[in-house]
Amino acid sequence: MLRFSESVSFDKLLARFDIQGSIAHAKMLAKTGIISKTECSRIVAGLAKILKKIESGEFQWDTSLEDVHMNIEQALTMDVPEAAKLHTARSRNDQVATDMRLFFKYACGEVEKKLEKLLRVLVDFADANKKIYIAGYTHLQRAQPVSAAHHILAWVEMFARDVERIRFAAEAANVSPLGSGAIAGTTLPIDRLETARLLGFVDSESGDPVVTGNSMDAVADRDLFLEFAFACATIGVHLSRVSEDIIIWNTSEFAFVSLPDTFTTGSSLMPQKKNPDSFELMRGKSARLIGNLQTLFTLVKGLPLTYNRDLQEDKPPIFDSFAQVCVCLDVLAECVKKIKFRKDKCDAAVSDPLLLATDLADYFVMRGVPFRKAHHYVGEIVALSERKKTPIDKLDDADIFAICDKADESWRSVFNLDRAFAMREKIGMPGAKQIEAQIAAWRGTFKKSK
Ligand code: ARG
């Protein structure tokens, strides 16, 4: 049972938050006169000593003491007898809820920093590849021309939404459950606002302390775990989709990019191989991040209020999501810096005149042809080009005029990439000025966030 029920092997990660929480709790107990000032300072000094020991790796964790809370309290009491009063008006239920909220505030801050670093790298990557034109795909079929920068800025949008999601989780974490006790608070004259203030659970604008409003919900609630895991799973999905783009671009069939040796591996059998392992791993790890969210949903869905020991299982998926998201974001940011576009291959793909078939339909529309009809004409023109084994832009004027009598010699001018991009200068489109404006706008938001 000891081996089965222990959690210290993973929740020791909470040590510094547990100690932070205990210090605030002790100070509050002294302020309200529940313990003496001397008792408080002995406890606080003892906790600081233990934190040092933990950080230097000297602390002896004991699985028979179950969890991080009991390990620290036990060690403290051996050193400072007054610590027998520390757990006054507190339960491990509100204690672990507090520790986790402190953890989430920290973890969200870390993920946000890493996301912002990635955004900066991606915007620089877009800036460096404004002149690279590639085929854009729908259904993985060549669709329309875009610049590499436009594609990369689409990734930027995805990760920028992740920043919003992670900030939302950080905001949701910013509420103190301490003082809720095991389920129904305490009869002792504690001051919940004081511990909230000491722990930084304060409104970012007013500076007022923020505490949970119901002691039962405070110890039973795991919404924040779901929100954090969801934010991480969504980052995972984004990492996976970006990875898939890069893996496809890196195939011999596409060959739009070449990847840095440091982020690829060879095959143990086939000497010619250079595999995009870093991206495959990111795609794979996203499964874990999604799985962790699923684990948490399954964990809480059938639980009666309030605390049940099942909830001890809430930590491994959270710690795993945090660790995996962090390492993935680091790897992507470092790797992207060294990806090179292969202009010759991109040019070969983007010069396919069929990418501009829609532009030809638009050309007819501008001459008064209803779009459905224009679409149909271009379909006929494409079919004719296949029949004649002639690229669409090399067909005779007469062929085109026979299909659409609204066309004149200018129809062929549609098949020019500079024109195609110049005509896409509305907000959100891949025109060069738009891309410049987007890059500048993103850089403006980075300056603010610094
Ligand atoms: N290690 C426990 C957890 O993570 C702490 C709370 C234990 N509370 C209890 N009443 N057994 O859930």
Side-chain angles (χ1 to χ4, degrees), residues 1-26 47 50-51 54 59-77 83-84 86-107 173 175-188 190 192 195 199 212 214-229 292-293 295-323:
M1 184 57 188
L2 284 178
R3 257 187 299 133
F4 178 63
S5 68
E6 69 85 20
S7 59
V8 68
S9 55
F10 53 85
D11 67 16
K12 63 181 176 205
L13 215 123
L14 292 174
R16 69 187 169 100
F17 306 111
D18 196 67
I19 288 173
Q20 200 188 340
S22 287
I23 291 175
H25 185 65
L47 285 167
I50 289 179
L51 182 59
I54 293 171
F59 191 84
Q60 285 298 321
W61 297 102
D62 181 354
T63 48
S64 72
L65 292 172
E66 213 176 287
D67 58 21
V68 62
H69 323 294
M70 300 304 274
N71 267 268
I72 292 174
E73 196 185 318
Q74 185 85 357
L76 180 66
T77 317
L86 175 61
H87 211 54
T88 309
R90 186 176 74 172
S91 153
R92 276 185 294 163
N93 296 353
D94 61 344
Q95 187 176 357
V96 75
T98 305
D99 291 5
M100 283 305 286
R101 282 174 179 274
L102 291 170
F103 165 82
F104 280 121
K105 285 175 71 169
Y106 157 76
V175 188
S176 175
L178 198 57
S180 300
I183 168 167
T186 173
T187 60
L188 297 164
I190 62 164
R192 293 194 61 205
T195 41
L199 291 171
T212 52
N214 180 294
S215 63
M216 292 180 74
D217 179 54
V219 294
D221 170 30
R222 292 295 182 274
D223 291 3
L224 183 52
F225 291 62
L226 299 173
E227 271 144 20
F228 182 79
N292 289 338
L293 175 61
T295 298
L296 288 163
F297 265 124
T298 312
L299 181 69
V300 292
K301 78 145 189 99
L303 289 187
L305 295 188
T306 52
Y307 179 86
N308 299 270
R309 190 64 182 279
D310 316 43
L311 292 176
Q312 181 167 294
E313 289 293 315
D314 60 6
K315 282 167 236 41
I318 289 295
F319 296 158
D320 185 58
S321 286
F322 176 50

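If you read the sequence from its start, that first residue is 1, and numbering goes on from there. Each ligand, and each atom within it, is numbered from 1 in the order the structure gives. Keep in mind it's a predicted model, so treat the numbers as computed, not measured.
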Set of side-chain contact (heavy atoms from CB on, under 4.5 Å) partners for Ala184, sequence neighbours left out: none
Does Glu66 have any side-chain hydrogen bond (donor to acceptor under 3.5 Å, both in side chains) partners at least two apart in sequence or in another chain, and if so, which? Arg92, Arg309
I'd like to know if the side chain of Asn308 and the backbone of Asp310 have a donor-acceptor N/O pair within less than 3.5 Å. no
Between the side chains of Thr186 and Arg90, is a donor N or O closer than 3.5 angstrom to an acceptor N or O? no
Determine the interplanar angle of the Phe17 and Tyr106 rings, folded into 0 to 90°, and report it as parallel if under 30°, tilted if 30 to 60°, perpendicular if over 60°. tilted
Measure from every N or O atom of ligand 1 to the protein's N or O atoms and keep only the pairs below 3.5 Å, writing each with atom names and distance to 0.1 Å.
residue	atom	partner	partner atom	Å
ligand 1	1 (N)	Asp67	OD2	3.0
ligand 1	1 (N)	Gln312	OE1	3.2
ligand 1	4 (O)	Lys315	NZ	2.6
ligand 1	8 (N)	Asn93	OD1	2.9
ligand 1	10 (N)	Asn93	OD1	3.2
ligand 1	12 (O)	Tyr307	OH	2.3

Checking Thr98 now: which residues fulfil side-chain contact (heavy atoms from CB on, under 4.5 Å) with it, not counting sequence neighbours? Leu102, Pro177, Leu178, Leu199, Phe201
